[in-house]
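Read through the structure below, which is laid out as structure tokens, and then see the notes.
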Amino acid sequence: MTKYIIIGNSTAAIGAIEGIRSLDTTSPITLFSSENHHTYSRPLISYLLENKTTLEKMKYRDDNFYELNNVTVVYEKIVKINSDKKQVYTEANKEFSYDKLLVATGSRPFVPPTKGLDSVKKYFTFMSLDDALDLEKVANSTSKVLIIGAGLIGLKCAECLQNKVNKITVIDLADRILSSILDKDASEFMQKHLEKNGINFILSQAVTSFNGNVAQIGDKNVEFDILVMAVGVRAQTELIRDIGGTVNRGIYVDTKMQTSIADIYSAGDCTEIYDISCDKVRPLPLLPNAYIGGNCAGINMAGGEMVFDNAIPMNSIGLFGLHIITAGSYIGDIKEIQVPNGYKKLFYQDNYLKGYIVVGEIERAGIYTSLIRNKTPLDSIDFDLIAVNPTLIAFEKKVRKTKLGGKV
Amino acid sequence: MKRVYVNEEWCLGCHLCEYYCTFANSNMTNMAELRNMIIRPNIRVEENNKISFAVSCRHCTDPLCVKSCLTNALSKKDGVISIDKDKCIGCFTCIVSCPYGAISVSANDIAQKCELCTNNSNTSPLCVQKCPNGAIVYEER
């Protein structure tokens, strides 16, 4: 029997439970959740405010999930690990012993220190279900909302509030929106689309100070009554850092998702991971990577053999009816394809596809993702053909035979 | 388990599978109602320079779409990957994940895919039953 402890109750934690239970159906699993909710899908909080989902439907697993998987859930925060004694401790200093431990503490919103921030009455971040429920309580048809950060979180927040409030202004230090996932041209394309839908932008600027309901931005004063901080996220690494484990921008893990400390694994937003599309180790705080990493950790914790060695960034986001799909890194040569009412760019280097951006016409884009993930040599496919339309016919006949005539 | 496999050497490129698939997943009683309609089948024929073949969900052993699904709308039971239309919010993370391009956008702007006709009144995949040249088969491999 192995005693498993999981710190965290989101995607990586669920992936780990399913990984453990694929091999070990009986050993006890104890899970600690700092949020007082059944596991839910974090990206759905904006859909909840738009009434496109419900509290019930946004549950990431069914109500009986913990029971079916023999998981004891403790709704308390773990504040310390002792890796010599192999114990974890709650805020009330209750101790729990483990044989194998998973740290899946996720990330927290990064809030840049800004003068006068404590004078803002209605100030929110937009990361958790409680954040969303709190925001929903105060947003009304007269609200003027100021969102700091034109990234994925800030813009999904803007979209879900648009029909509820009077005015939304999004400000970003970068000179363009979605700068972490789009190139300059695609940013401009999306910005126009969002402006058409009533979102206002202030770019290349930052708030220098707050004074109650007024933000000073350069030499301008902008009035608001609700402030949402969505500048970015930071990995929650303290539990591992405090016991001397290797931590950089996230918790270090090897391809088995093991940390630098024996019998402690980690996955999800709290880790950094090797990105094969740019040969760099970096945080990739995205739901698919959290599940795959967590699942891999769980299998290894239960004594199995699994590696996660092909992580890449990938995003799919819809904003006011226009969909964007992106994956990989934007390095190397560019192949731009003209698309009606959309945008498509492929990035390739040394005979490999490195990244792509598709706006509008998103169907079958996963075929491009697979070229990046599998490092398919571009001279083994009809690259000109596939660039126009992602198809399997662009692959060699023998490859098609395996893909469509074989068990995959 | 049984899956749908295609043999491109036998495919006529007739697109009948696309029509039967759409019909199987509709509430229609007569296939002629598909006339003049834009069809959204879960199996799609690719063709180029006399080569043609149909592509539908491979029901992968290790399905990236299921692992990547934001909402748990996609799940795998008894080898069949199916979608809970009620839970899907149309984020299309499955489309960015699927290496075969086998998941598409439905008329309601959510994800749709082949469920091997387990989600309709047919006893086995209708595309296979109706393929005139045996280019699509449903078997154990």
Side-chain angles (χ1 to χ4, degrees), chain A residues 11 14-15 18 39 41-44 47 50 52-53 56-62 65 286-289 291-292 294-295 314-318 321 323-327 358 362-371 373-374 382 385 389-394 397 400-401 403-408, chain B residues 1 3-9 11 40 44-49 51-73 75 79 84 86-105 109-111 135-137 140-141:
Chain A
T11 315
I14 301 303
E18 291 175 349
T39 185
S41 173
R42 220 170 268 293
L44 293 202
Y47 294 85
E50 275 184 294
K52 285 185 178 167
T53 189
E56 199 51 43
K57 281 193 221 165
M58 71 187 286
K59 287 177 179 169
Y60 187 53
R61 289 295 183 268
D62 292 341
F65 175 80
L286 303 161
L287 190 141
N289 287 329
Y291 184 90
I292 297 168
N295 195 245
M314 55 186 207
N315 288 285
S316 177
I317 176 177
H323 287 284
I324 309 170
I325 282 187
T326 70
V358 177
I362 59 164
E363 293 234 345
R364 307 196 81 189
I367 293 175
Y368 294 142
T369 312
S370 77
L371 296 179
R373 204 189 269 283
N374 300 336
D382 188 336
L385 185 72
N389 273 317
T391 52
L392 299 181
I393 215 160
K397 188 172 178 179
R400 294 200 298 264
K401 229 174 174 140
K403 285 185 190 292
L404 298 168
K407 193 178 154 191
V408 292
Chain B
M1 71 169 267
R3 288 179 168 90
V4 168
Y5 297 100
V6 301
N7 185 345
E8 65 180 54
E9 272 118 32
C11 178
R40 291 174 184 263
R44 298 197 186 198
V45 174
E46 287 190 25
E47 51 199 332
N48 188 32
N49 293 332
I51 303 165
S52 64
F53 52 83
V55 182
S56 60
C57 174
R58 312 309 306 133
H59 297 276
C60 301
T61 315
D62 184 26
L64 282 168
C65 60
V66 174
K67 288 184 165 182
S68 301
C69 178
L70 259 51
T71 64
N72 197 33
S75 64
D84 179 344
D86 217 31
K87 285 199 98 169
C88 179
I89 39 105
C91 70
F92 304 125
T93 305
C94 51
I95 291 184
V96 66
S97 311
C98 176
Y100 305 97
I103 302 181
S104 55
V105 180
D109 215 26
I110 60 170
I136 317 173
V137 295
E140 200 96 38
R141 276 192 187 173

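Residue numbers start from 1 in every chain, and the chains themselves are labelled A, B, ... in the order their sequence lines are given, proteins ahead of strands. Every value quoted in this text rests on a predicted model; they were computed, and no experiment measured them.
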Nearest 0.5 Å, what's the [atom1]-[atom2] distance between [X] and [Y]?
X	Y	atom1	atom2	value
B:Ile95	A:Ile362	CD1	CD1	4.0 Å
B:Glu8	A:Lys401	CD	NZ	7.0 Å
B:Ile89	A:Lys57	CD1	NZ	11.0 Å
A:Met314	B:Thr93	CE	OG1	7.0 Å
B:Asn49	A:Leu385	CG	CG	8.5 Å
B:Thr61	A:Lys407	OG1	NZ	5.0 Å

So which part of [X] gets closer than 4.5 Å to some heavy atom of chain A, the side chain, the backbone, both or neither?
X	value
B:Arg3	side chain
B:Glu140	neither
B:Cys98	backbone
B:Asn7	neither

Lys/Arg-Asp/Glu bridge criterion (N-O < 4.0 Å) met for A:Glu363, B:Arg44: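 Judged by the 4.0 Å cut-off on N to carboxylate O distance, A:Glu363 and B:Arg44 do form a salt bridge.
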Do B:Lys67 and A:Glu18 meet the salt-bridge criterion of a basic N to acidic O distance under 4.0 Å?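 Looking at A:Glu18 and B:Lys67, the cut-off is not met.
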I need the residue from B:Cys60, B:Cys69, B:Ser97 with the largest number of non-hydrogen atom pairs under 4.5 Å to chain A.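 Option with the top pair count is B:Cys60.
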Leading residue by heavy atom contact count with chain A [cutoff under 4.5 Å; candidates B:Asp109, B:Val137, B:Val6, B:Asp84]: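 Answer, by heavy-atom pair count under 4.5 Å with chain A: B:Val6.
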Non-hydrogen atoms of chain B under 4.5 Å away: do they reach the side chain of [X], the backbone, both or neither?
X	value
A:Tyr47	side chain
A:Asn295	side chain
A:Pro390	neither
A:Ile367	both
A:Thr326	backbone

Between B:Tyr100 and A:Val408, is the side chain to side chain contact (heavy atoms under 4.5 Å, CB included) condition met? List the steps. CA-CA 11 Å; B:Tyr100 305 97; A:Val408 292; 3.4 Å; yes
Measure across A:Ile325 and B:Phe92 and return the closest heavy-atom pair with its distance rounded to 0.1 Å.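 Residues A:Ile325 and B:Phe92, closest heavy atoms: CD1-O, 4.0 Å.
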Check: [Y] and [X] side chains under 4.5 Å, non-hydrogen atoms:
X	Y	result
B:Glu46	A:Arg400	no
A:Thr53	B:Lys87	no
B:Val96	A:Asn315	no
B:Leu64	A:Ile292	yes

Below 4.5 Å, heavy-atom pairs only: which of A:Met58, A:Glu56, A:Lys52, A:Lys397 has the largest tally toward chain B?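 Ranked by heavy-atom pairs under 4.5 Å with chain B, first place is A:Lys397.
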